[in-house]
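What follows is a single structure, written as structure tokens, with notes after it.
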Amino acid sequence: MPGRIDRPTSENALRKNIAVWGALFVMLLILGIIFYSLIGGYAVRNDPFYTDLTAAPCFIKNGFEPAYASLKDPELTDWDLELPGGHGRPLVMSLLPANGSGGDAAFLSVKPRKIEDFTILIPFTIDPRQFESLYGDNPIMPGMYLSGIGENWEIYLNGAALVKQQYVNADGEITSFRSQRGVSIPFDKRFINEGQNFLLIHIIGSRDSAHTGLFYT
């Protein structure tokens, strides 16, 4: 008859629509949870090897000597700035006094940028559970993530060179800047010690630059 509604067919279509929208909602919910986890860093923090370097104490000084690369005791040299564990702050070299003498006004100067060397030492601990994760049934490939580092730099772990980004000419000028965000550095697990470890970063750049050092936490 004209205008007659087939109720069973209509109800089936409604059920199908509900199922489709329900599946779509679940998919969006799952994607949202994954996205939120990645943004919040929870996926990383659940990794058994996760180590927050800002939770460790930090030692910073003007200058750099090649012997510092193997430094395993902060007491063996003087530091211009010492930060306690959990400081949670960017490590930019403008925090340091100029040559240990209380700062300068380089940002007001019209002179050419002065390129200097700086040293950052971060002692951190790897506990037995973390160390075992490197060699267990599902071994982890270790790596380091830096949110931001510049302007030129090199990194050592327990005396072993991990990466070098140094481009300085004979006149002490940087010829290629390596101020980068989101730097991932994989490295050999044999460089890691169970217990105490020492991460040393040689920074090269202008003291007054916002990108000289670890400019994000």
Side-chain angles (χ1 to χ4, degrees), residues 53-54 56-83 87 89-124 142-193 197-217:
L53 294 177
T54 66
C58 179
F59 303 84
I60 312 174
K61 68 178 301 179
N62 292 285
F64 173 79
E65 298 292 340
Y68 293 167
S70 300
L71 193 61
K72 296 182 179 179
D73 184 354
E75 299 298 325
L76 294 179
T77 187
D78 296 325
W79 302 94
D80 294 305
L81 179 64
E82 298 183 21
L83 298 175
H87 58 82
R89 62 191 295 181
L91 304 177
V92 290
M93 298 305 100
S94 57
L95 294 171
L96 295 179
N99 299 319
S101 60
D104 60 7
F107 64 96
L108 297 175
S109 176
V110 295
K111 296 180 180 179
R113 287 162 36 98
K114 181 182 179 183
I115 302 303
E116 300 179 68
D117 295 270
F118 307 92
T119 302
I120 300 174
L121 177 66
I122 304 176
F124 65 95
M144 177 167 46
Y145 176 81
L146 301 175
S147 296
I149 183 171
E151 296 178 309
N152 273 200
W153 39 277
E154 57 180 340
I155 299 177
Y156 298 87
L157 178 58
N158 297 322
L162 300 186
V163 62
K164 292 189 178 185
Q165 294 290 336
Q166 293 179 282
Y167 302 89
V168 181
N169 62 21
D171 296 324
E173 301 169 332
I174 293 178
T175 59
S176 180
F177 288 86
R178 288 296 185 268
S179 297
Q180 300 175 352
R181 302 178 182 181
V183 178
S184 296
I185 306 170
F187 55 85
D188 194 312
K189 67 179 68 178
R190 292 174 296 179
F191 296 158
I192 285 284
N193 298 327
N197 291 265
F198 296 89
L199 178 70
L200 188 129
I201 306 175
H202 174 199
I203 294 292
I204 304 171
S206 174
R207 181 187 305 275
D208 55 306
S209 170
H211 294 113
T212 299
L214 303 179
F215 51 84
Y216 291 136
T217 53

**Complete:** Applying side chain to side chain donor-acceptor pair (under 3.5 Å) to Thr77 and not counting sequence neighbours gives Lys61

**Message:** For a 4.5 angstrom cut-off between non-hydrogen side-chain atoms, does Ile201 reach Ile149?
**Reply:** yes

**Request:** Kindly indicate whether the side chain of Tyr145, heavy atoms from C-beta on, has any atom under 4.5 Å from the side chain of Val183.
**Result:** no

**Message:** Can you list everything that forms a salt bridge (Lys or Arg N to Asp or Glu O under 4.0 Å) with Lys164? Sequence neighbours excluded, please.
**Reply:** Glu154

**Heavy-atom side-chain contact between Arg181 and Tyr216 under 4.5 Å** = yes

**Message:** Just verifying a value: how many Å separate Arg89 CZ and Leu91 CG, rounded to the nearest 0.5 Å?
**Reply:** 8.0 Å

**Prompt:** Asp78: what forms a side chain to side chain contact (heavy atoms under 4.5 Å, CB included) with it, not counting sequence neighbours?
**Reply:** none

**Prompt:** In Å, rounded to the nearest 0.5 Å, how long is the span from CG of Asp117 to CZ of Phe64?
**Reply:** 8.0 Å

**Asked** Rounded to the nearest 0.5 Å, how far apart are CD1 of Ile174 and CD1 of Ile204?
**Response** 7.0 Å

**Request:** Taking the side chain as every heavy atom from C-beta outward, state whether Pro74 and Phe198 have any atom pair closer than 4.5 Å.
**Result:** yes

**Request:** Kindly say whether Ile192 contributes a backbone atom to a donor-acceptor pair with the side chain of Asn197 at under 3.5 angstrom?
**Result:** no

**Request:** Taking side chain to side chain contact (heavy atoms under 4.5 Å, CB included) as the test, write out the residues that go with Thr175, two or more places apart.
**Result:** Tyr167, Asn169

**Asked** After noting the C-alpha distance and the side-chain angles of Leu200 and Tyr156, does the key distance pass the side-chain contact (heavy atoms from CB on, under 4.5 Å) rule?
**Response** CA-CA 5 Å; Leu200 188 129; Tyr156 298 87; 4.2 Å; yes

**Asked** Taking only residues two or more places apart in sequence, or in another chain, which ones meet Ser94 in a side chain to side chain contact (heavy atoms under 4.5 Å, CB included)?
**Response** Val92

**Request:** Find the distance between CD1 (Ile120) and CD1 (Ile203) and round it off to the nearest 0.5 Å.
**Result:** 4.5 Å

**Prompt:** side chain to side chain contact (heavy atoms under 4.5 Å, CB included) with Ala56: which residues, sequence neighbours excluded?
**Reply:** Ile122, Phe124

**Request:** Please assess Phe118 against Asn62 for the test side-chain contact (heavy atoms from CB on, under 4.5 Å), listing each intermediate value before the final yes or no.
**Result:** CA-CA 5 Å; Phe118 307 92; Asn62 292 285; 3.6 Å; yes

**Prompt:** Which heavy-atom pair separates Pro57 from Pro123 by the least distance, and what is that distance?
**Reply:** O-CD, 3.4 Å

**Fill in**
With sequence neighbours left out, the residues meeting side chain to side chain donor-acceptor pair (under 3.5 Å) with Ser176 are Arg178

**Message:** Quick one, Trp153 and Val163 - any side-chain contact, counting heavy atoms below 4.5 Å?
**Reply:** yes

**Fill in**
Applying ring pair (Phe, Tyr, Trp, His ring centres under 6.0 Å) to Phe59 and not counting sequence neighbours gives Trp79

**CG on Asp80 to OG1 on Thr119, rounded to 0.5 Å** = 9.5 Å

**Prompt:** So which heavy atom on Gly63 is nearest to which on Tyr68, and how close?
**Reply:** O-CE1, 4.3 Å

**Request:** With the side chain counted from C-beta on, respond yes when Glu116 and Met93 share a heavy-atom pair under 4.5 Å apart, and no when they do not.
**Result:** no

**Asked** Do Thr217 and Pro90 have side-chain heavy atoms sitting under 4.5 Å apart?
**Response** yes

**Residues that Phe215 engages under ring pair (Phe, Tyr, Trp, His ring centres under 6.0 Å), provided they are two or more places apart** = His211

**Request:** Heavy atoms only: give me the nearest Thr212-Ser206 pair and the separation to one decimal.
**Result:** OG1-O, 2.7 Å

**Complete:** Here the gap from Ser184 atom OG to Leu146 atom CG, rounded to the nearest 0.5 Å, amounts to 8.5 Å

**Request:** Report the residues that fulfil side chain to side chain donor-acceptor pair (under 3.5 Å) with Thr54, sequence neighbours left out, ordered by chain and then residue number.
**Result:** Asp52

**Fill in**
side chain to side chain donor-acceptor pair (under 3.5 Å) filter on Glu82, not counting sequence neighbours, yields none

**Prompt:** Does a side-chain heavy-atom distance below 4.5 Å link Met144 with Leu157?
**Reply:** no

**Prompt:** Quick one: does Asp73's side chain have a donor or acceptor within less than 3.5 Å of a partner on Glu75's backbone?
**Reply:** yes

